[in-house]
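Letters go in sequence order (proteins before strands), and every chain restarts at 1. Just so we're clear, the structure is a prediction, and the values are computed from it rather than from any experiment.
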Number of protein chains: 4
Amino acid sequence: MSPSPERRRELLATAAEVFAAQGYDATSVRRIADAAGMLAGSLYYHFDSKDSIVEEILRGFLDELWGRYDTVLAAGHEPRETMRALVTESFREIDRHGPAVAIYQKESKALAARERFAFLAASQRKFEQTWLTTLQEGVAAGAFRADLDIRLTYRFVRDTVWVAASWYRPGGRHSPEEIAREYLAMVLDGIAQPHHP
Amino acid sequence: MSPSPERRRELLATAAEVFAAQGYDATSVRRIADAAGMLAGSLYYHFDSKDSIVEEILRGFLDELWGRYDTVLAAGHEPRETMRALVTESFREIDRHGPAVAIYQKESKALAARERFAFLAASQRKFEQTWLTTLQEGVAAGAFRADLDIRLTYRFVRDTVWVAASWYRPGGRHSPEEIAREYLAMVLDGIAQPHHP
Amino acid sequence: MSPSPERRRELLATAAEVFAAQGYDATSVRRIADAAGMLAGSLYYHFDSKDSIVEEILRGFLDELWGRYDTVLAAGHEPRETMRALVTESFREIDRHGPAVAIYQKESKALAARERFAFLAASQRKFEQTWLTTLQEGVAAGAFRADLDIRLTYRFVRDTVWVAASWYRPGGRHSPEEIAREYLAMVLDGIAQPHHP
Amino acid sequence: MSPSPERRRELLATAAEVFAAQGYDATSVRRIADAAGMLAGSLYYHFDSKDSIVEEILRGFLDELWGRYDTVLAAGHEPRETMRALVTESFREIDRHGPAVAIYQKESKALAARERFAFLAASQRKFEQTWLTTLQEGVAAGAFRADLDIRLTYRFVRDTVWVAASWYRPGGRHSPEEIAREYLAMVLDGIAQPHHP
DNA sequence: CATGAATGAGGGTTCATTCAT
DNA sequence: AATGAATGAACCCTCATTCAT
């Protein structure tokens, strides 16, 4: 539609930041336009609607994420390594597209109920499948404890990873790889001192 | 203020469910009134404003929660037991007031910026203090690994616990105590099989 | 309707004060009820509606006023004395029912357009008639200047008298009779020093 | 703010007429929009709020008025001439901005209590100062009667001048200068035939 | 590309009024 | 006589969206 995809990308980045900071419903189109240095009406030259803006933000994020996830999964690692790679890619995604992830984390549940955002529900199902499979295979292979409640563990893992988007700031003290390592250490081996009485 | 606290409590429960399901900003006062079987204007006989409704929901939740937390902390357990008790109380609170916790989890960041909701920021600081202290004492006592990044661990723990409010349904397959146990097993001892190569 | 006319009169006095202080439209029924120490709905035991309250206030004021005016007019004084008596009665009315007069002064123009308040327009016409006649007779009798613009003078006189209700406080430094005397001195003989060059 | 001051001025004139006719509180924003041939919401493209509309109307009126008053006062006339000039300017202002003056006359007392409209109270104080000084100097110079009650006279003069806005119609039988002359004749020399027994 | 001006729906809220108790 | 609770209409205002320029 618009002849300048760069301007589009700039506007999407601006919108994502505002959406992430204030919430989708609480953010007015005018607020985004202000941040972009234009009038509200002018945004409609670039986008069809407010909905289409979040949609594009979320699709962009999920497309990129699944590109990386699929590469990881196609590599056919053993479960522990698969988990490590998925978690690392997730934190990298937070590093690259923090606002988009924050929007996904906060708004996707409400948005997914609407037809336009059915892709969110689809992605979520695929996500769940991926993790459940990985965890099950890990248990089967003896890499993970045999007494794990797989669904519960999946939920904990999923939430902790994404919720990091709400506090992570790029360029801060920890690189995404460091955070991933720390997180995996906690989840895999626990925070308790092993042979403590 | 209003001499019928029962009706108030009913209305607060109704409002909490709607807020939790749709988000605070996306929920109109009319929507709440519908769910309560009355007209929008009638809500204003019981409450001053939409803001005052969430405020009361959140204050009620935090007051009860801190009552229990303070009891735990006053008991002077060793760090591992303190952690166990705090996590268990948290899941119990989710069991009792799921919607309130979900609202807290999703909206408190945006709300806390407003003067009216300064108590949210205060509670958050106290929360952080409590966990950081518990973790530090645990490390000092040799109960937790010496190489923990305390702040990072705090964030992971905090988020995973509260985010459970978004999927937990009371009366489901798992009691809050079971979920707490499972969660603690994961966080304390990890999900990895201990002596796996 | 109500078996206690005293309570009614109290309530009317209270309402008149609030209406005078804040304006009819800006005053809510609840505000009046607050001032009377009851709930808004309870007022409807005594009165049919908000309109009926002002109506009763204004009718009471005009009935009393016209009672006095009619007595003055029936006395058949010469024009100057008639004017003096009318002005004095007006300031006495302000002294007795200041709030009612203030309401009349501020709201009657807007209210008079409505059928229910047609008596206001009727009173205004009678008022105008009375003053025009008095002034004309005064001119004819040589008591007032021959070159007066009667209608203009009527308007000035009418407005200045009633507008005093907006600042007059009973029990203040000036009695209504004093104010009337001062006012008449100004209007009849002017404020200028007679033989000033 | 808005780059089309003409439209703004048109809308302000329309709003002033409606406010003057019905009263500020009794006038809905929708009513103004109707009179302007647009929808209620559209007014908010031009103005921040209903309050800001009256504010701009009243500020415009007072700014212009004080511009003229200050010129008169700076000329250093003798008291009688000052009074004549002030009254004449007042009626001219009514001629030019009748609705604004009518709003000022009817609503300023209630509005002045609010912080936003503090400039009304300030103007009123300056107004009072100006008239009291003029009258006092007139008495001192022997131009006005020595036995005048200055404050009382000020109130009468102030009210009669402004209250004329409630009946004056531009383009009618009397020019503002004629009305001023008639008014001054009454106030200065009285309406009584001088040597009447 | 962007603006200026408007629309129409819906937002939170207030209010006069009603009525069973 | 008065309360407690509710109604329904209207209020001021915000918002996503449109479109001629």
Side-chain angles (χ1 to χ4, degrees), chain A residues 1-4 7-8 11 24-33 36-53, chain B residues 1-4 7-8 11 24-33 36-53, chain C residues 1-4 7-8 11 24-33 36-53, chain D residues 1-4 6-8 11 25-33 36-53:
Chain A
M1 178 195 244
S2 161
S4 162
R7 189 84 177 98
R8 250 179 116 77
L11 292 172
Y24 181 63
D25 292 289
T27 300
S28 71
V29 165
R30 222 177 108 195
R31 178 73 189 70
I32 297 172
M38 52 174 28
L39 292 181
S42 310
L43 272 177
Y44 287 79
Y45 177 78
H46 301 276
F47 303 100
D48 283 344
S49 65
K50 190 185 172 187
D51 275 354
S52 84
I53 296 177
Chain B
M1 179 188 261
S2 172
S4 165
R7 189 80 177 100
R8 253 180 115 77
L11 293 172
Y24 181 63
D25 291 291
T27 300
S28 74
V29 164
R30 273 159 181 110
R31 179 74 189 70
I32 296 173
M38 54 179 15
L39 292 180
S42 308
L43 273 176
Y44 288 79
Y45 179 76
H46 301 276
F47 304 99
D48 283 342
S49 64
K50 189 186 173 189
D51 275 355
S52 85
I53 297 178
Chain C
M1 180 195 239
S2 161
S4 162
R7 189 83 178 100
R8 251 180 112 79
L11 292 173
Y24 180 64
D25 292 289
T27 300
S28 72
V29 165
R30 221 177 109 195
R31 177 75 189 69
I32 297 172
M38 52 177 21
L39 293 181
S42 309
L43 273 177
Y44 288 79
Y45 177 78
H46 302 276
F47 304 99
D48 283 343
S49 65
K50 191 186 173 188
D51 275 354
S52 84
I53 297 177
Chain D
M1 180 191 258
S2 169
S4 164
E6 296 175 38
R7 189 82 178 101
R8 253 179 115 78
L11 292 172
D25 291 292
T27 299
S28 72
V29 164
R30 236 176 93 193
R31 178 74 188 70
I32 296 172
M38 55 180 12
L39 292 181
S42 308
L43 273 178
Y44 288 81
Y45 178 76
H46 301 277
F47 304 99
D48 283 342
S49 65
K50 190 186 172 188
D51 275 355
S52 84
I53 296 178

Fill in the blank from the handout: Taking a pair to mean Watson-Crick or G-U wobble geometry with both distances below 3.5 Å, F:dG8 pairs with E:dC15

Problem - Counterpart base for F:dT21, defined by Watson-Crick or G-U wobble contacts under 3.5 Å - result: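 In the structure as shown, F:dT21 has E:dA2 as its Watson-Crick or wobble partner.
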
Handout entry: Expected output: side-chain B:Lys50 to main-chain B:Tyr24 donor-acceptor under 3.5 Å
Key = yes

Report the distance from atom [atom1] of [X] to atom [atom2] of [N], rounded to the nearest whole Å.
X: B:Asp51; N: E:dT13; atom1: CG; atom2: C1'; answer: 12 Å
X: B:Arg8; N: F:dA6; atom1: CZ; atom2: P; answer: 13 Å
X: C:Asp48; N: E:dA16; atom1: CG; atom2: P; answer: 15 Å
X: D:Asp25; N: E:dC15; atom1: CG; atom2: P; answer: 10 Å
X: D:Lys50; N: F:dA10; atom1: NZ; atom2: P; answer: 16 Å
X: C:Phe47; N: F:dA2; atom1: CZ; atom2: P; answer: 11 Å
X: D:Leu11; N: E:dG4; atom1: CG; atom2: P; answer: 16 Å

N/O (side chain, [X]) to phosphate O (OP1/OP2, [N]) under 4.0 Å:
X: B:His46; N: F:dG4; answer: no
X: B:Ser28; N: E:dG11; answer: yes
X: A:Ser42; N: E:dC1; answer: no
X: A:Tyr44; N: F:dT18; answer: no
X: D:Arg7; N: E:dA6; answer: yes

Fill in the blank from the handout: Looking only at heavy atoms, the pair that brings B:Ala36 and B:Arg7 closest together is O-NH2, 4.0 Å

Exercise for the section: Please report the closest heavy-atom contact between D:Met38 and D:Ser42, naming both atoms and the distance. Expected result: CE-CB, 3.8 Å

Problem - Which residue lies more 5' along DNA chain F, comparing B:Met38 with D:Ala26 via nearest heavy atoms - result: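 Nearer the 5' end of the strand: B:Met38.
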
Handout entry: Comparing B:Leu39 and D:Ser49 on DNA chain F - which has the more 5′ nearest nucleotide
Key =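 Looking at the nearest nucleotide for each, B:Leu39 comes out on the 5' side.
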
Problem - Residue from C:Ile32, C:Leu11, C:Val29 passing side chain to side chain contact (heavy atoms under 4.5 Å, CB included) with C:Phe47 - result: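 Only one of C:Ile32, C:Leu11, C:Val29 forms a side chain to side chain contact (heavy atoms under 4.5 Å, CB included) with C:Phe47, namely C:Leu11.
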
Fill in the blank from the handout: CG (B:Leu43) and CZ (B:Arg30) are apart, to the nearest 0.5 Å, by 11.0 Å

Problem - Euclidean distance for P, E:dC1 against F:dT21 (whole angstrom) - result: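 22 Å, rounded to whole Å.
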
Completion exercise
Looking only at F:dC12, E:dT17, F:dA5, the nucleotide nearest the B:Tyr45 side chain is F:dA5

Problem - Nucleotide nearest A:Val29 when distance is taken to its side chain, options F:dT7, F:dC13, F:dA16 - result: F:dA16

Fill in the blank from the handout: Sorted by position of nearest nucleotide on DNA chain E, 5' first, the leading residue of B:Tyr24 and A:Leu43 is A:Leu43

Exercise for the section: Please tell me which of B:Thr27 and C:Gly41 maps to the more 5' nucleotide of DNA chain E, matching each residue to the nucleotide holding its nearest heavy atom. Expected result: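 Its nucleotide being nearer the 5' end, the pick is B:Thr27.
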
Exercise for the section: Check whether the side chain of B:Arg30 and the base of E:dG10 form a donor-acceptor pair under 3.5 Å. Expected result: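 In this structure, the two groups form no donor-acceptor pair.
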
